[in-house]
Every structure is written in structure tokens, then in C-alpha cells.
Amino acid sequence: MALTLRVTGDRWRAHLREVAGNNPGLVPVVKGNGYGFGIGRLARRVSWLGVDTVAVGSYEEVPELTSRFDGDVLVMTPWRPYRTSVPYGRRVVHTLGRVDDLRELSSRHPGSRVVVEGLTAMSRHGLTRPELAAAAGALGDLRLEGFALHLPMTGDRLGQTELWCTALQDSLLRTHTVFVSHLGAFELTTMCERWPALRMRPRIGTELWLGDRAALHAVATVIDAHRVSRGERVGYRQRAMPRDGTLLVVAGGTAHGIGLEAPTAATSLRARAIALARGGLDAAGFALSPYSVAGRQRWFAEPPHMQVSLLFLPRGVQVPPIGTEIDVDVRLTTTTFDAVHIL
Ligand SMILES: *Cc1c(COP(=O)(O)O)cnc(C)c1O
């Protein structure tokens, strides 16, 4: 009984090599649910890719990397003085986004390795350009490993990056390394050409691990099947079935992240009216599930449970045998699989 990610290994590895080849200085991002693979599994690939640094989202994730990879671990969430249980090992590189924090870290843990972040239009973390001079003065005994920029997905990203690189050059921050997040391929190439003295290091997660979607195949085991007739009540909520058909019990529930995707069921009154005219089950308040049977996405018979989901198959649809697997189209950054098979 499992929700499984099946990976076509050769194809996936070829894609990883290609992204690494196209992005000199690549810093793979390994964080959160490990992009569906799990952090540990990706941590082992990072050594295989031959990179010297990996970026994690949080301090809590650092030990998962340091135990499996012998390079540096850059933590992208900024260091703050109130943080507890921060690992201060030689291989940890901290991100700093406030002048006061630089001063504080320097006095508490002199010699720590840091990256200073600039506040882009993302408006998440970082120093403003006028603060760079003060940052240089606050570094004290910290070891500056680079500068970092996190760009939004749209807008004039090249212009913003250039503004920051100019400010960096004019500041007293002595570094030639710029870690960039979400800079497009064109912008990255242009930056490398125009700023040959800087070493641009792209931090990439999704495009690296999930960029070749055809190499990744999510499936769920069919656990049980029950014939139901129209009007028969099933599940926790005892909902009446809309027609005769089959109730399919499949692996995958809220614990795996099933049902956490943007809702696809019609929510507005207008959308419901359209659905009603079409005769769709969404008019009756049913939600479309990410599971497919016989080439079509099927309806949840009720909201997903913790580890299993109930699907309604109308009569006439070929019922998949118990123990076989059906396709499930999930977002890999929000799904936790029971098993990952790299073939
Ligand atoms: C998550 C994250 C990334 C990687 O994002 P992807 O879209 O997965 O490539 C890069 N930089 C920062 C700061 C992040 O938080």
C-alpha cells in the first residue's frame, strides 16, 4: 500500500548532468520535502554531481546534508540572534541580511563564514543598497564568502542584478562571488559576459531536480474496491453516491499532501452552474482528484483521509485490479511519497 515516485534513472541523471553542465558554479538547492525525493536521497546525488556547495532552506536541514555530503552547506534563511541550535561547523555558510546581525554574529562566533544578502524586489530578506557600506564595517572577524540575490520570477531581473553588482563593486565588501536565485538563463549568461570579474553561482532546485518531468512518474496502489449503488452512503461524511458505480480505495491521503493542490472543484456559484449544465459531479460538490483511471482524472467520493483516498468510478469504467497501480498527478514540492524507486 503505497504512494510511490518512480524515476527513470538514466533519463533523470542525464538531465541533472545537463543542468550542471549549463550552469557552471551551480549550487543545488535541497530543502523542504526534498522536491518529492526526500532530502537524504538528493544529498547523495549532490556529491555525484561534483559540486562543492549545496544550499538548504533552514538550519534544521543542515545535519541531513553534512552527514551525506562533504562539501559546504549554505543556509538560505538568514541567521538571527534569537535562533537556537544553530550548527556553527566549519562547513556551514550563514546568510546575513541585517547590519546588526553581522555585528552580533561576529562577536559571538568570530571566524564564521557568511554570505551577505541584498534586498531585491522579492522583499523577503536582505540589506538595502545604502546599507552595504555599514555591512562592510560590521563584518569584523567574519569570513565573507559571497553576496546573495533572490530575484522574483518576473520584472527587470537583469536590471536589478546589475544595480546590485554595481553597488557591490562600489562597496567595501570584498567578494567576487554572487549567489543568485531565480535568474533566468538569458540573464545569467548576460551577467557572466558583462561582469567577467564576478563569479555568478546560480542556486537551483526545481529546474534541476524536477526539470524533466517525463522522467518522474507518481503512482498509487489500489487497495480495495466496492460496488456502490446510487444513493448509497459512504465514508466519514456518509455522502450519497450520485450514480451506480465503484468506490475505489487508493493509497495517498492528506499525510502525503494529497488534496493540498489548488482546488480544482468548481467553487463559485457561476462555475457550479456551468458544471451543472455539463452534468459534472462538481455541481454536486464533489472535487476532482489527482488520480487517473482509464485515462481520466476521477472524482473524490469524499475529502481525502490521512493515508488513503476514496474515489468514485461511474459504472462502465473498467475497475483496476486490487494491488495494481494507477497514475496520480501531484505537485512534487508538496508530496511526501512512501517510496521512491530510481530505476
Ligand atoms: C527555494 C529557493 C531556491 C530554489 O528555488 P527553486 O524554484 O526550487 O529553484 C533558491 N533560492 C532561494 C532563496 C530559495 O528559497
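Counting starts at 1 for both ligands and their atoms, following the listed order.
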Go through ligand 1 atom by atom and flag the ones less than 4.0 Å from a non-hydrogen atom of Gly205.
4 (C), 6 (P), 8 (O), 9 (O)

Between Thr190 and Glu187, is any side-chain donor less than 3.5 angstrom from a side-chain acceptor?
no

Ser181-Arg203 side chain donor-acceptor pair, cut-off 3.5 Å:
yes

Between ligand 1 and Glu207, is the shortest N or O to N or O distance under 3.5 Å?
no

For ligand 1, is any non-hydrogen atom under 4.0 Å from Thr206's backbone (N, CA, C, O), its side chain (CB onward), both, or neither?
both

For Met76 and Val29, work out which heavy atoms get closest and say how close.
CE-CG1, 3.7 Å

Count the heavy atoms belonging to other residues, nucleotides or ligands that lie under 6.0 Å from CZ of Arg239, then report whether that count exceeds 12.
yes

Could you find the nearest protein heavy atom to atom 5 (O) of ligand 1 and give me its residue, atom name and distance?
His182 NE2, 3.1 Å

Short list, please: which atoms of ligand 1 are under 4.0 Å from a heavy atom of Arg124?
15 (O)

For the aromatic rings, using the six-membered ring if either is Trp, is the centroid distance between Tyr88 and His94 under 6.0 Å?
yes

Judging by distance only, is a nitrogen or oxygen of Arg203 under 3.5 angstrom from one on ligand 1?
no

Measuring from the heavy atoms of Tyr35, does anything fall under 4.0 Å of ligand 1?
yes

Just jot down the ligand 1 atoms closer than 4.0 angstrom to any heavy atom of Ser181, in number order.
10 (C), 11 (N), 12 (C), 13 (C)

Decide yes or no for Arg13 and Ile342: does some side-chain heavy atom of the first lie under 4.5 Å from some side-chain heavy atom of the second?
yes

Taking the six-membered ring for Trp, are Trp299 and Tyr291 ring centroids under 6.0 Å apart?
no

Distance filter under 4.0 Å to Lys31 heavy atoms, resulting ligand 1 atoms:
1 (C), 2 (C), 3 (C), 14 (C), 15 (O)

Among non-hydrogen protein atoms, atom 12 (C) of ligand 1 lies closest to Met76 SD, 3.4 Å

